[in-house]
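One structure below.
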Amino acid sequence: MRRMKKYPFREIEQKWQKYWEENRTFRAVEDPSVPKERRRYVLDMFPYPSAAGLHVGHPEGYTATDIYCRFLRMKGYNVLHPMGFDSFGLPAENYAVQTGTHPRTTTEANIRRFREQIKSLGFSYDWDREVSTHEADYYRWTQWIFLKLWEQGLAYVAEIPMWYCEALGTVLANEEVLATPEGPRSERGNHPVERRPLRQWMLRITQYADRLLEGLEGLDWPESIKAMQRNWIGRSEGANVRFTVADGATGSASTREIEVYTTRPDTLFGATYMVLAPEHALVAQVTTPEHAGEVRAYVEAARLKSDLERTELNRDKTGVFTGAFAINPVNGKEIPIWISDYILVSYGTGAIMAVPGHDERDWEFAQQFGLPITKVVARTPQEDPAEPLREATPQYGFAVNSGEFDGLPTEEFKDRIIAWLEERKIGERTVNYKLRDWIFSRQRYWGEPIPLVNCEGEFVPIPLDQLPLTLPEVERYTPTGTGESPLAAVTEWVECECPDGSGKKGKRETNTMPQWAGSCWYYLRYLDPKNDRALADRDKIDYWMPVDLYVGGAEHAVLHLLYARFWHKVLYDIGVVNTDEPFLRLVNQGMILGEGGQKMSKSLGNVINPDVVVQKFGADSMRVYEMFMGPLRQEKPWSTQGLTGVFRFLDRVWRLTERPLSAKAAPEELLRLLHKTIRKVSNDTNELAFNTAISQMMILVNELYRYETRPREIWDPFVRLLAPYAPHIAEELWEMMGKAAPVSLAPWPEYREELTRDEQVTVVLQVNGKVRSRMEVPAGTDKATLQTAAAQNERIQEYTGGRSVLKVIVVPDKLVNFVVN
RNA sequence: GCGAGAGUGGUGAAAUUGGUAGACACGCCAGAUUUAGGAUCUGGUGCCGUACGGCGUAAGGGUUCGAGUCCCUUCUCUCGCACCA
């Protein structure tokens with residue numbers, strides 16, 4: 001036998017997973033003696049337990065947080081690190097529609113599989129805190145929060161045009177609809193969606209728009225995610241201005257007004273026409289009889305236009321004249337009123353004043369229909385106001401052709417004109433948002449029932465102490481297609497007594513909540529998962545919250561992460577939680593691509609199954625490889641070759657045990673390398689720079705191979721450094737060394753600063769910035785000595801000989817540079 | 001178009017404050033070993049050149065003794081938003 005068998009990762013991994021489970025090694029306890037600054041709440045985005053099982057993307061983020069948590073525990077922190085399942089959702093229900101299998105059955109089977117797969121990777125979760133959002137004990141509190149929102153006036157029913165998805169049989173929130181080249185599509189499943197006027201439950205997230213925006217400032221989140229949220233909220237400042245409709249052709253006096261929203265009230269003098277959205281309420285009223293036919297036809301065409309056509313890029317502007325005129329309040333001029341579908345009824349007031357000189361869209365429209373263009377903003381105060389515009393100039397500048405306001409810079413003009421409008425009560429400063437209220441109800445079965453009863457037209461909440469309102473069993477899961485959920489067919493569930501005790505007959509709300517509801521607050525339930533008196537005990541909330549580090553994919557930028565922040569702020573306002581924001585620091589792990597660098601997908605056949613990897617190479621190899629691939633936040637392609645490289649590393653670590661442990665002092669060189677390694681691994685792990693930490697451990701292992709024996713002085717701290725990364729093999733090595741398990745809770749090694757500094761350093765000798773030679777000197781050698789020694793160097797003399805030295809740059813421990821002519 | 005980010009060997013990637021570009025790993029080449037193990041061990045491996053040397057971090061310019069790193073211009077790619085007045 002020349003060498004031992006390949007390291008027995010299967011036995012080792014099973015052994016230690018069993019050990020951790022039996023000993024509940026990673027149970028988190030609220031120990032009051034640990035001060036707040038020594039506690040950490042590290043959270044993973046919990047998975048939706050799909051039928052496909054775990055994919056290699058899941059373990060990436062989970063491994064990162066796991067290493068970080070294990071590191072923190074060894075550093076003496078009290079760490080909360082839980083896991084659970086986002087288990088309501090459409091796939092299980094769609095499967096139920098096809099097969100008749102209860103979604104609970106498939107969901108729970110999937111959860112068992114996920115849990116097993118996650119456990120097979122050796123993550124240090126406190127499994128006592130596991131939650132699943134579909135369980136009545138959990139959604140009882142989701143319903144409780146909904147009723148709190150209702151009490152606060154933040155939940156209401158409205159009939160507005162909603163995104164409806166035929167394929168999913170339900171309405172969707174704005175956030176769940178994507179604009180694609182094929183038109184609007186559902187975020188889940190990529191099905192076509194269309195707008196339909198429907199009556200649905202809404203949550204007043206817009207009331208929190210400003211706070212959701214401001215709250216971003218203090219968060220340690222990726223700039224891109226913050227930008228996406230800001231963009232989605234879309235706050236803009238401007239003014240509403242009311243224009244009087246001029247007497248029409250009929251000559252009758254009119255007091256009708258049209259209100260517009262503009263972010264450029266300073267361009268009011270340049271408003272040469274007005275445009276209403278086709279759906280605007282005043283369209284019919286202002287239209288003159290001779291234009292009525294044309295207008296009616298345009299409105300009808302706009303209504304029938306598919307969303308594909310309406311969202312198509314760069315299409316030409318269309319519109320028709322109503323025959324009516326409005327009076328521009330600043331100069332009394334009559335301006336024509338048009339309608340066009342480039343104006344959205346849902347934004348601002350659904351009407352605009354058009355300033356073609358300084359807005360590209362208005363310019364385009366004016367060109368199309370030959371409407372007048374007036375210049376009211378000049379680039380410089382010297383510019384000739386009469387010089388015509390060649391294109392729309394939206395940039396700020398100085399007012400021209402604006403009467404008494406001429407010469408004012410844009411910023412100042414805005415304030416002046418708003419004051420002017422407010423004085424005359426024809427307008428006021430206004431803030432607008434792109435953010436719309438959250439369409440919250442779904443016409444589906446597999447979700448939390450909304451705990452309200454319709455008692456003769458009035459909604460009455462189910463008393464909090466009677467929650468949960470559980471999902472009834474149904475015959476069929478198929479969406480009705482009539483805008484009602486399958487629950488509507490369960491007569492004995494729908495018909496009930498009014499919960500207010502009046503004895504009136506009531507009908508239960510049959511819509512359910514969207515999948516986002518459960519994930520809006522799951523991080524709070526982990527704190528106290530079995531509590532039946534509150535969603536979580538306030539002391540436990542105070543003990544752990546807010547979440548210190550939240551790791552997950554970037555795909556939830558404006559869905560989950562915005563909704564959860566909204567609910568959290570409401571919970572804060574009613575005194576349930578201790579902070580205004582739930583997640584202090586957010587890190588998005590980069591996607592793992594297939595071997596060819598493309599997205600993993602079934603159709604490309606490049607999907608890597610983590611089960612197979614664990615089976616063939618072990619959990620430790622999987623973990624270390626996923627972290628060694630590259631920076632956590634970066635997208636990176638999978639490489640089976642790379643995986644075997646990591647496997648070889650762990651195998652080499654294992655084979656080092658063939659060499660006898662030695663109690664003798666380690667060679668100084670090795671000791672110095674150890675202390676450098678401790679420093680680098682500590683710093684890098686703390687910064688989630690796992691790839692470079694692993695490199696450093698590889699360097700140490702390579703070096704250890706140069707010695708016949710394994711100095712205990714090196715081996716012991718090395719095993720501890722390795723423990724967060726490859727915990728199974730580390731536990732085994734720890735035990736083999738005769739130490740008491742578990743290494744997972746052993747103290748993190750400390751480094752001695754003086755041993756991390758080299759005694760001898762290589763100083764580079766340069767001539768005109770080019771490296772010509774090197775020399776070894778003791779660290780800290782002073783400048784003068786370095787310069788003298790360098791000047792005597794043969795190679796340097798060759799290059800400096802016969803030339804005059806203009807300057808010498810000496811950087812101690814780094815270089816000496818001779819500047820010659 | 002707007003917003004965010006990224007461009008370094010054949011590949012994944014390293015590189016305090018500007019100070020030896022390419023650590024570590026894969027792959028490849030040569031050798032040792034002959035074991036059938038996604039083997040192991042030793043050495044080599046940015047490009048051009050026999051060599052002295054020269055050239056190299058998307059391209060061009062600038063600051064500096066010195067630039068992957070700082071500044072300007074341009075190009076490419078990824079992601080997000082997209083008629084939001």
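Just so it is clear, the values below take in all heavy atoms, side chains as well, and ignore hydrogens, waters and symmetry mates. Below, read A as the first sequence line, B as the second, and so on, with proteins coming before strands; counting in each chain starts at 1.
- Taking the charged nitrogens against the carboxylate oxygens, A/Glu60 and A/Lys636 do have a contact shorter than 4.0 Å, which makes a salt bridge.
- Across all strands shown, the partner of B/C75 is B/G7, judged by Watson-Crick or G-U wobble contacts whose two distances both fall under 3.5 Å.
- Across all strands shown, the partner of B/C70 is B/G62, judged by Watson-Crick or G-U wobble contacts whose two distances both fall under 3.5 Å.
- Remark: B/G12 base-pairs with B/C24; criterion is Watson-Crick or G-U wobble with both hydrogen-bond distances under 3.5 Å.
- Set against B/C83, B/C65, B/G38, the side chain of A/Lys616 has B/G38 as its closest nucleotide.
- Between A/Tyr799 and A/Thr644, the residue whose closest nucleotide on RNA chain B is further toward the 5' end is A/Thr644.
- Which of B/A23, B/G53, B/G38 sits closest to the side chain of A/Arg795 comes down to B/G53.
- Counting non-hydrogen atoms under 4.0 angstrom, A/Ser695 reaches a base of the nucleic acid.
- For B/C81, its base never sits under 3.5 Å from the side chain of A/Lys434 at any donor and acceptor pair.
- Judged by Watson-Crick or G-U wobble contacts below 3.5 Å, the nucleotide B/G53 has B/C48 as its partner.
- A salt bridge is defined here as a Lys NZ or Arg NE, NH1 or NH2 lying under 4.0 Å from an Asp or Glu carboxylate O, and A/Arg230 with A/Glu223 meets this definition.
- A donor-acceptor contact under 3.5 Å is not formed by the side chain of A/Asn231 with the base of B/C81.
- Judged by atom type and distance alone, A/Lys770 does not reach the base of B/G66 through any side-chain donor-acceptor pair under 3.5 Å.
- Look at A/Arg672 and A/Asp758 and you find no salt bridge, because none of the NZ, NE, NH1 or NH2 atoms lies under 4.0 Å from a carboxylate O.
- Taking the O4'-C1'-N9-C4 or O4'-C1'-N1-C2 dihedral as appropriate, B/U17 has a value more than 90° from 0 and is therefore anti.
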